[in-house]
Amino acid sequence: MRLDFGDALNLALREEMRRDPRVYCIGEDIVLGVPFGVTKGLSDEFGPERVLNAPISEAAIVGSALGAAMTGLVPVVDMHFADFVTCAMDEVANQIAKSRYMFGGQIDCPLVLRMPYGIGRSGGGHHSNSVEAWFLNVPGLKLCIPSTPADARGLLKTAIRDPDPVLLFEHRGLYRLGGEVPEAETLVPLGVADVKRPGRDVTVIATARMVHESLEAARRLAEEGIEVEVVDPRSLVPLDRATLAGSVRRTNHVVIAEEGPMRGSTGAWLAWVVMEDCFDDLDAPIARVAGPNIPIPFSPPLEAFATPKADDVVGAVRQVLK
Amino acid sequence: MRLDFGDALNLALREEMRRDPRVYCIGEDIVLGVPFGVTKGLSDEFGPERVLNAPISEAAIVGSALGAAMTGLVPVVDMHFADFVTCAMDEVANQIAKSRYMFGGQIDCPLVLRMPYGIGRSGGGHHSNSVEAWFLNVPGLKLCIPSTPADARGLLKTAIRDPDPVLLFEHRGLYRLGGEVPEAETLVPLGVADVKRPGRDVTVIATARMVHESLEAARRLAEEGIEVEVVDPRSLVPLDRATLAGSVRRTNHVVIAEEGPMRGSTGAWLAWVVMEDCFDDLDAPIARVAGPNIPIPFSPPLEAFATPKADDVVGAVRQVLK
Amino acid sequence: MTTPGPDALLSMYAGMVRVRTFEERVRELFAAGRIPGFLHTSVGQEAIAAGTAAALRPDDYVLSTHRGHGHLVAKGGSLRGLMAELYGKANGICHGKGGTMHIADASVGYLGANGVLASGCVVAPGIGLSIKQRRSGQVVLTFFGDGAANRGPFHEGVNMAAIWALPVVFFCENNRWASTTASALSAAGGSIAARAAGYAIPGETIDGNDVLAVHAAVSRAAERARRGDGPSLIEARTIRWVGHFEGDAQAYRSKEEVAEGRRTDPIARLGRLLEARGLLDAAGAERIRTAVAAEIDDAVTHAEASPLPDPREALTDLFAYYPWRE
Amino acid sequence: MTTPGPDALLSMYAGMVRVRTFEERVRELFAAGRIPGFLHTSVGQEAIAAGTAAALRPDDYVLSTHRGHGHLVAKGGSLRGLMAELYGKANGICHGKGGTMHIADASVGYLGANGVLASGCVVAPGIGLSIKQRRSGQVVLTFFGDGAANRGPFHEGVNMAAIWALPVVFFCENNRWASTTASALSAAGGSIAARAAGYAIPGETIDGNDVLAVHAAVSRAAERARRGDGPSLIEARTIRWVGHFEGDAQAYRSKEEVAEGRRTDPIARLGRLLEARGLLDAAGAERIRTAVAAEIDDAVTHAEASPLPDPREALTDLFAYYPWRE
Ligand SMILES: Cc1ncc(C[n+]2csc(CCOP(=O)(O)OP(=O)(O)O)c2C)c(N)n1
Ligand SMILES: Cc1ncc(C[n+]2csc(CCOP(=O)(O)OP(=O)(O)O)c2C)c(N)n1
Ligand SMILES: [Mg+2]
Ligand SMILES: [Mg+2]
């Protein structure tokens, strides 16, 4: 069936809440599903006990999820905007990520943090950030970052069933993107990358919105006979290094594309992974596409400047091939 | 004169507070300087108005520093343990880092966050973390990470005089490390790396405690005739790419050593920088020394396992040279 | 505390009209696609913007929220600079980098709208510290909503300001809703002001649609702060006439609530008092509206005529000092 | 609410003796270099650990702090497992990964000491949600100190528990100090309990050195919680006899305060009452001390004899499911 990204997530939530009475959703304004509509209608089906409109208390929303997860429930937290995870950073980085480990495996922590993130529509400095890189450096968390409706649904379902804490990064610019979603309940496993487009000349490793920019770049470059392979890791922790390396060994050229700022980012980490696994396979230095090292500005031309696009991927591909 | 790292920081605070009445210190238990003694005695000299024992309110401690900095003061915040910056993450990442930019440069934000961090003495999962990597990915912050008493004093003085927010990462394992400190007030500029030991065979880029582990490794390897150059970036933002690249172009072999967990870390970023600047100069893949991807465990043998040491640097050097 | 004289009353009236007209115009411009971003306006809540500004000194500081246009208009910010910023123009007060949710105008002590709720509650004590250290006799007032009052920074900021007797006024605009969520269902006890007692500071609930009540409460709190007696908490009950953001379907509340808002219109209310005192007649009111409309027309014309920033300007304003090339 | 009978009184007495003896022994072991880490003990505060545990059901949950050994001992945690953990031994209850500040014993509902102050205040509401959803009739009690009460999570957690009427008991151990910082100088108003009113929940201040007062207050709060009437806040005033952490010079307080603590020793106090009621004599008290000492000797012997973990064990326990090699 055809669904958009947001509705695919909504479907995943419905399916999992029907399957498992322990699953509940909590977040700000989720009963009406404001602003992105992902949780819309859930409270009609599952009632207010399982779809909790929380007060504006991010630390308590996220901290309470840990308490519930440790004692038998499966919380799915809606961060509203991933930017506000800063307001619950201790609960994520020191409590949720570490409790199982520090307690010697005595407790499980099956919870999901849904992180609507990303640039667009002049959201400005407090509603546009890519923050997934922080959590790569926090051992104890699993991280997913889907780019299509099918992956979004499949990864969210897997995340909900996973016994460990999973952060799902949902680019807010993709919510209304349509795509084919299997009729049957289909899970997408963590740690399995997906080749969104095969190609022999260059491997472009891209996440979320940048997968689509990279596909657009690939279409343009194909007209010149340059065959770009677009690989979407889909989950960053665990990371499917084998698929990435397999592609690089065939193409010998790598571009890494992300939306967040260049410095200390996810792309820098992925570049290291490629270096470590494929140094001798590289015929040229890796090229990276990422945002500039600035907060996200408001004004459309400035925001556009801060937004990596297909053109940037095209440029990077030309660079690694020349 | 000979001072230990903690006393060198104390001296820098005294010197800057004498020089500039706008400078004040705020943090928990800083009047008596518990636990690390860095602020000890300051309130005797400068009085309670300029050495504020704050309530346990990290968000207010850090947030108030922004308010003070925007309106004419120069706050030096003691985070007590850098682990607790999670409790003020929004104030650092969304407010302090972005205010000047979002406001179009209308305000300055001259403040310093002193971040005692790092592993040791079975501090356990909540008192041992390396968190500097998060802030690399937060545009708007300057980051320093000294390894010697002279650098600690010189960088803190520079940070206090800098018109922008600066995070100073102080490894708590170094506080009692002694070293030579110039009699004269000496500033260490941001963005200037320091070659702690010259060598022709391998460049080891290391920060804070790992500088000393790397020097120890260099001494051992020298006995085998392997000459290791130990380069300490001293500040991560701005980063002295020229000095790093200069060294790599001479040695053609690189090891990057840090204490924090391997995934998505500072070392991954530095590896990318080296790749970008020196890909063709590398005779072997870069090797990295970092902590495993786990929280810091309590028990001494487990903590030791999680602590990168000179042995690890020696091993990494052998790897890049073989 | 001085009760406002005729001129003060008339300027508060004009202030409310200016905020209302500004916000209504901004809504039209947004609907017409002239203004980008996530837009939150304060239509209906003008007595708070005008009453607080009138009770503060020009050099006092204000920290605002995502719903902050009115606070800045009332504080005397440049309408041209503000409107151009909302348009994202190069000569906007923040060079187009801030926009609706992150505007500041340091020249009038307005240290920022904020996209993160309750942030001002922890920034304010630091401004209070600098006021105290500089012995400048200023005050800082920080706005926050009924929803934001449930965040931790409210607690930390109020406590810090209280123990150090800092010159801070914590001003809660309780418009009953946090986006789609009723304040009654999210703030335990139902009263934000009642939380002041736990910190042994004054807390009062006022009618936020009565500009005189707002002026009086803020005047009391500001005097107390200037005396060195520390912070106060004011909760002003009001009603937002429009959506939480432009485009909000408002399925969560009844039409009756908005009707109630219009019945208690703060502008009409002060207008009746001014008429009763013979300070304002229909013609006078019309003159004020016309004058305000002209100011705003000017701001719009200026904004429309102003250039968008050069994209590479995105790289400026990050640091005061950064000579390094990386 | 049942007032404790003879057996309950005697077991609370024994409980306090057990906590006191355990903590004193741990201090000796730390001084002797047998136990690593940053050690915070609860000597002098035993009435709180014993009184709360006695008022709770075995299946109730407790969230603790950096000063949590006593809470776990009183809740019935295995002394062997706890002592071995403090030693960092492989068979410690957390396999040596947690240690003094991060111990948990899920088998007795003790879901964790915590190195980050006030964290339990936001975790507790979630446990309350799961109790409510599971209709298990349990209660969760979260401890925090007078200093921790100034952190944002206190506010967010209490408010959330209050609006949803969750079965949570917020228990503040006010021992006058947050490390070197006087509670009187950092908590505005001087009363944590007084903050309850702002959320319209019960708040009371009790003598934390009176185990009966602790038992009574927690019993009331727990019954209320089980009835579905929501959370309560209890502030227990007590005195820590020892340093904030082992090695604390305590330059910040007078010897007199510690002397006051010893004068109000909760163990001696209950002892006198038991004697008056003819429930305990010198010989009986001696028997209890001997029995407790034996338990703790056993735990120490066990810990001493236990192996340290294999270093590579550091890689286990992170995830419940992680088949990937990276
Ligand atoms: C920390 C944080 N959480 C959530 C949001 C998203 N958000 C923006 S406005 C809003 C409602 C705010 O309600 P209130 O504080 O009452 O202010 P009002 O909008 O009514 O003026 C929410 C949830 C945010 N901006 N910041
Ligand atoms: C969020 C946080 N800030 C600071 C610290 C450092 N710290 C550990 S204990 C302590 C004092 C705590 O005082 P209180 O809450 O009264 O508990 P007590 O030690 O008196 O039992 C401090 C500041 C911490 N562990 N966590
Ligand atoms: Mg509101
Ligand atoms: Mg205390």
Side-chain angles (χ1 to χ4, degrees), chain B residues 21-22 24 26 49-50 52 54-73 75 87-88 90-91 94-111 139-142 161-165 190-192 235 237-242 273, chain C residues 61 63 85 92-99 101-107 109 111-116 118-134 136 138 140 142 151-153 155-161 163-164 166 316-326:
Chain B
R22 301 171 309 153
Y24 73 98
I26 183 169
E49 285 74 29
R50 295 180 66 193
L52 295 163
I56 300 167
S57 304
E58 284 74 15
I61 290 168
V62 176
S64 68
L66 172 61
M70 285 193 298
T71 56
L73 301 190
C87 304
D90 192 72
E91 289 66 32
N94 277 328
Q95 307 301 326
I96 287 173
K98 293 174 180 167
S99 289
R100 183 176 210 285
Y101 184 83
M102 294 192 302
F103 299 166
Q106 286 183 74
I107 55 113
D108 279 350
C109 188
L111 65 84
L141 303 173
K142 295 175 178 175
R161 298 183 191 192
D162 195 283
D164 298 312
L190 303 190
V192 179
S235 74
V237 182
L239 180 66
D240 181 358
R241 294 175 72 133
V273 168
Chain C
Y61 298 103
L63 293 168
E85 184 63 27
I93 187 88
C94 305
H95 309 158
K97 294 193 171 80
M101 271 195 283
H102 319 95
I103 289 178
D105 185 346
S107 70
L111 290 182
N114 209 306
V116 182
S119 299
C121 292
V122 286
V123 175
I127 297 179
L129 279 171
S130 96
I131 289 170
K132 220 172 160 181
Q133 166 130 346
R134 291 183 283 110
S136 62
Q138 294 162 286
V140 53
T142 184
R151 278 202 63 225
H155 173 62
E156 295 192 12
V158 169
N159 185 63
M160 180 178 276
I163 54 169
W164 292 338
L166 300 173
T316 62
D317 293 328
L318 184 56
F319 290 111
Y321 176 73
Y322 205 82
W324 302 273
R325 282 250 145 281
E326 280 176 32

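Just so it is clear: chains get the letters A, B, ... in the order the sequence lines come, proteins before strands, and each one is counted from 1. Computed from a predicted model, the values in this text were never measured in an experiment.
Within the 4.5 angstrom heavy-atom criterion, only backbone atoms of L141(B) (N, CA, C, O) approach chain C. Proximity to chain C (any heavy atom under 4.5 Å) is shown, for P75(B), by neither the backbone nor the side chain. Interface remark: I93(C) contributes backbone and side-chain atoms alike to the contact with chain B (heavy atom separation under 4.5 Å). Both the backbone and the side chain of R100(B) come within less than 4.5 Å of a heavy atom of chain C. L129(C) touches chain B through backbone and side chain together, each having a heavy atom under 4.5 Å away. For chain B, the nearby parts of D105(C) are the backbone and the side chain; heavy atoms of each come within less than 4.5 Å.
Panel note: side chain E85(C), backbone I103(C); no donor-acceptor pair is recorded below 3.5 Å. Distance alone, capped at 3.5 Å, places no donor-acceptor pair between the D317(C) side chain and the F103(B) backbone. Side chain of E91(B) to main chain of V62(B): no donor-acceptor pair is present (N/O by atom type, distance under 3.5 Å, no hydrogens or angles).
Chain C forms the most heavy-atom pairs under 4.5 Å with one residue out of K142(B), M70(B), E49(B), and that residue is K142(B). Your options are P238(B), G140(B), P110(B), S57(B), and the one with the most heavy-atom pairs under 4.5 Å with chain C is P238(B). Heavy-atom pairs under 4.5 Å with chain C peak, among A88(B), P55(B), C109(B), at P55(B). Top candidate by heavy-atom pairs under 4.5 Å with chain B, chosen from A104(C), A161(C), G98(C), is A104(C). Of the listed residues (G157(C), S119(C), P153(C), G92(C)), the one with the most heavy-atom contacts under 4.5 Å to chain B is S119(C). The most heavy-atom pairs under 4.5 Å with chain C, out of P21(B), A242(B), G191(B), A60(B), come from A60(B). Per-residue counts of heavy-atom pairs under 4.5 Å with chain B were compared for R134(C), K97(C), Q138(C); the largest is that of K97(C). Chosen from A113(C), S107(C), S130(C), the residue pairing most often with chain B at heavy-atom distances under 4.5 Å is S130(C). Put simply, of A69(B), A59(B), A65(B), P163(B), the one with the most heavy-atom pairs under 4.5 Å next to chain C is A59(B). Your options are L190(B), D162(B), D240(B), and the one with the most heavy-atom pairs under 4.5 Å with chain C is L190(B). Contacts with chain B were tallied for I131(C), T316(C), V116(C), L166(C); V116(C) has the most, counting heavy-atom pairs under 4.5 Å.
To the nearest 0.5 Å, atom CZ of residue R50(B) and atom CZ of residue R22(B) are 10.5 Å apart. To the nearest 0.5 Å, the span separating CG on N114(C) from NE2 on H102(C) amounts to 7.0 Å. Taken from CE in M160(C) to OG in S64(B), the straight-line distance is 4.5 Å, to the nearest 0.5 Å. Residue L66(B) holds its CG atom at 9.0 Å from OG1 of T71(B), rounded to the nearest 0.5 Å. Separating the CG atom in L63(C) from the CD1 atom in I127(C) is a distance of 4.0 Å, to the nearest 0.5 Å. To the nearest 0.5 Å, atoms CG (L111(B)) and CD1 (I96(B)) are separated by 4.5 Å.
Under the 30°/60° scheme for interplanar angles, the aromatic rings of Y322(C) and F319(C) are found to lie parallel.
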Worksheet item: How far apart are the C-alpha atoms of C94(C) and Q106(B), what are their side-chain angles, what is the distance that settles it, and do they pass the side-chain contact (heavy atoms from CB on, under 4.5 Å) test?
Response: CA-CA 7 Å; C94(C) 305; Q106(B) 286 183 74; 3.7 Å; yes
